[in-house]
Amino acid sequence: MITVRCFAVVREILGCDTRSLVAATTPQRASDILAALAGARVADLPKPLLVAINCEHASLTSLVHDGDEVAFFPPVSGG
Amino acid sequence: MITVRCFAVVREILGCDTRSLVAATTPQRASDILAALAGARVADLPKPLLVAINCEHASLTSLVHDGDEVAFFPPVSGG
Amino acid sequence: MIIRLQTEDFDAEREAQALDVKGAGARVSFVGTVRDTAQDRTITALEIEHYPEMTHAELSRIGASAQARHNLQEVLIIHRYGRLACHERIVLVTVWSAHRAEAFAGCQAIVDALKTRAPFWKKEISPEGALWVPGQTPQDLK
Amino acid sequence: MIIRLQTEDFDAEREAQALDVKGAGARVSFVGTVRDTAQDRTITALEIEHYPEMTHAELSRIGASAQARHNLQEVLIIHRYGRLACHERIVLVTVWSAHRAEAFAGCQAIVDALKTRAPFWKKEISPEGALWVPGQTPQDLK
């Protein structure tokens, strides 16, 4: 099982903040998980789109394994 | 009249903190005023020796006019 | 190193005293507050969303990296989230070091890293409506 | 701009709040404290002598110069003198600016200028005796 989390405008566009996915095969690229989650709305998402895997910055080409938590969000603005 | 002020180790070596001098002629160089004030003890003073005239950084070659306040002190250490 | 994420306000001096770092010589603090205008729009409040688990992990990595690189004796980071009115404090970064140059460099490195790496997102609330603040991408992902 | 020379301690946060600077966005503070060792000698106290009239004038010049150069909205400098025990606070420099880079640069410029221009002299008191701390000469006089 893979946990998917969405934040900020990504959350608003996709209409969900947390979802559990049972992936047929793992590992998968983060971009494949996003495509399955977003469908046609992938075109509406902000660019660049940031990715974190298990709470560390990653990228759309990073591999997500069974048990991982993958998060999608727009560029950050702390401080 | 010229007011002379000494601080820190200069004050300790010369044994005075404030003195009023009536100068025969003005302007005088700060170094001349110091020579008159320190006498032989001028050799004991720290080098470099800093000078301020009317509360602004100056140098030993700066001119001191009647009515001025001239100060002699070692390098500073604020903060 | 102390990392705190909270909705409540903080008192920078009291937080520093509580840590009671001895013999550091230099302490540098940064406090960021909600500005009242942005691109000529009046801002009444800021809504700050974050990714709690990752925020804590990322702030710890940022603090530890600055601590090692700039010889910091101690690091304190407090970041608020939720809805903050204009002029309210958002973030406090305080560092202690033996020397002032390291303290300034270390504090600034942490604040800069917060801007580009910490998973916070801000929505500016103004009379005309709400607008997401454009964010930044970590340098190593560009 | 607020410049204060005093023997009493200060509370950095209360001093900042009292100034009540609105809409600055960034506030950077430096606090310097008496260190407990110097060149492996134990320091029990610091005696700080200054040239009151010139100190006030010089700190005002230092503050005004940084304010203009780094776009600071407000500057606060509090410097203590007299006898301070080890770990006591010596100096507070707080600056406010719209942007963090200017606030860091402005605060650091003031602290650096204090070290080389402000007429203070320090005597370190240790169990072995008292020793004047070597000072610095302003760059423009070298």
Side-chain angles (χ1 to χ4, degrees), chain B residues 1-21 27-34 37-38 41-79, chain D residues 3 5 30-35 38 46-63 65 77-81 84 89-93 107-124 130-142:
Chain B
M1 201 186 68
I2 291 166
T3 305
V4 183
R5 299 182 72 173
C6 299
F7 292 95
V9 74
V10 176
R11 171 179 53 70
E12 290 179 342
I13 291 169
L14 300 185
C16 77
D17 55 4
T18 305
R19 186 171 297 185
S20 297
L21 294 180
Q28 290 192 25
R29 284 185 175 209
S31 55
D32 295 332
I33 294 173
L34 181 69
L37 184 78
R41 291 167 304 180
V42 79
D44 303 331
L45 294 175
K47 288 191 181 60
L49 188 77
L50 303 194
V51 178
I53 298 174
N54 299 330
C55 295
E56 290 204 41
H57 285 292
S59 75
L60 283 166
T61 56
S62 301
L63 291 176
V64 181
H65 295 81
D66 194 41
D68 282 353
E69 174 170 301
V70 59
F72 300 102
F73 45 80
V76 302
S77 172
Chain D
I3 309 285
L5 295 154
F30 174 86
V31 174
T33 53
V34 180
R35 288 203 273 163
L46 203 58
E47 277 176 7
I48 303 181
E49 175 175 342
H50 75 131
Y51 179 2
E53 301 83 352
M54 180 173 173
T55 313
H56 203 281
E58 191 62 30
L59 296 190
S60 299
R61 287 189 285 264
I62 289 168
S65 160
I77 305 175
I78 300 178
H79 204 301
R80 297 174 68 190
Y81 60 92
L84 304 181
R89 284 172 281 275
I90 304 171
V91 61
L92 169 67
V93 176
C107 187
Q108 189 156 15
I110 292 172
V111 176
D112 287 348
L114 282 180
K115 298 273 170 195
T116 57
R117 301 196 70 87
F120 291 96
W121 303 275
K122 296 172 183 159
K123 203 179 236 181
E124 286 170 348
L131 212 64
W132 287 106
V133 177
Q136 297 190 47
T137 304
Q139 282 295 330
D140 53 6
L141 296 178
K142 276 184 182 165

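Per chain, numbering begins at 1; letters A, B, ... match sequence-line order. Here the structure is a predicted model, which means the values were calculated and not measured.
Environment of CZ in B:Arg19: sparse, with no more than 12 heavy atoms of neighbouring residues, nucleotides or ligands closer than 6.0 Å.
Taking the six-membered ring for Trp and thresholds of 30 and 60 degrees, D:Tyr51 and B:Phe73 have ring planes more than 60 degrees apart, a perpendicular arrangement.
Looking at D:His50, the atoms closer than 4.5 Å to chain B (heavy atoms on both sides) all sit in the backbone: N, CA, C or O. Interface residue D:Gln136: backbone and side-chain heavy atoms are both found under 4.5 Å from chain B. Interface remark: D:Thr55 contributes no atoms to any contact with chain B (heavy atom separation under 4.5 Å). Both the backbone and the side chain of B:Glu56 come within contact range of chain D, judged by heavy atoms closer than 4.5 Å.
Nearest heavy atoms, B:Pro75 versus D:Gly135: CB-C, 3.3 Å. Taking each heavy atom of B:Val76 and D:Pro119 in turn, the nearest pair found is CG1-CA, 3.7 Å. When all heavy atoms are compared, the tightest approach of D:Leu141 to B:His57 is CD1-CB, 3.8 Å. Contact detail for B:Leu50 and D:Pro138: the closest heavy-atom pair is CD1-CD, 3.8 Å. Between D:Arg61 and B:Cys55, the closest heavy-atom pair is NH2-O, 2.6 Å. Considering all non-hydrogen atoms of both residues, D:Thr137 and B:Pro48 come closest at OG1-CG, 3.5 Å.
Atom CZ of B:Arg5 is separated from atom CD of D:Glu53 by 4.5 Å, given to the nearest 0.5 angstrom.
Between chain B and the residues D:Trp132, D:Phe120, D:Trp121, the most heavy-atom pairs under 4.5 angstrom are made by D:Trp121.
The backbone N or O of B:Ala8 sits nowhere less than 3.5 Å from a side-chain atom of D:Lys123 that would complete a donor-acceptor pair.
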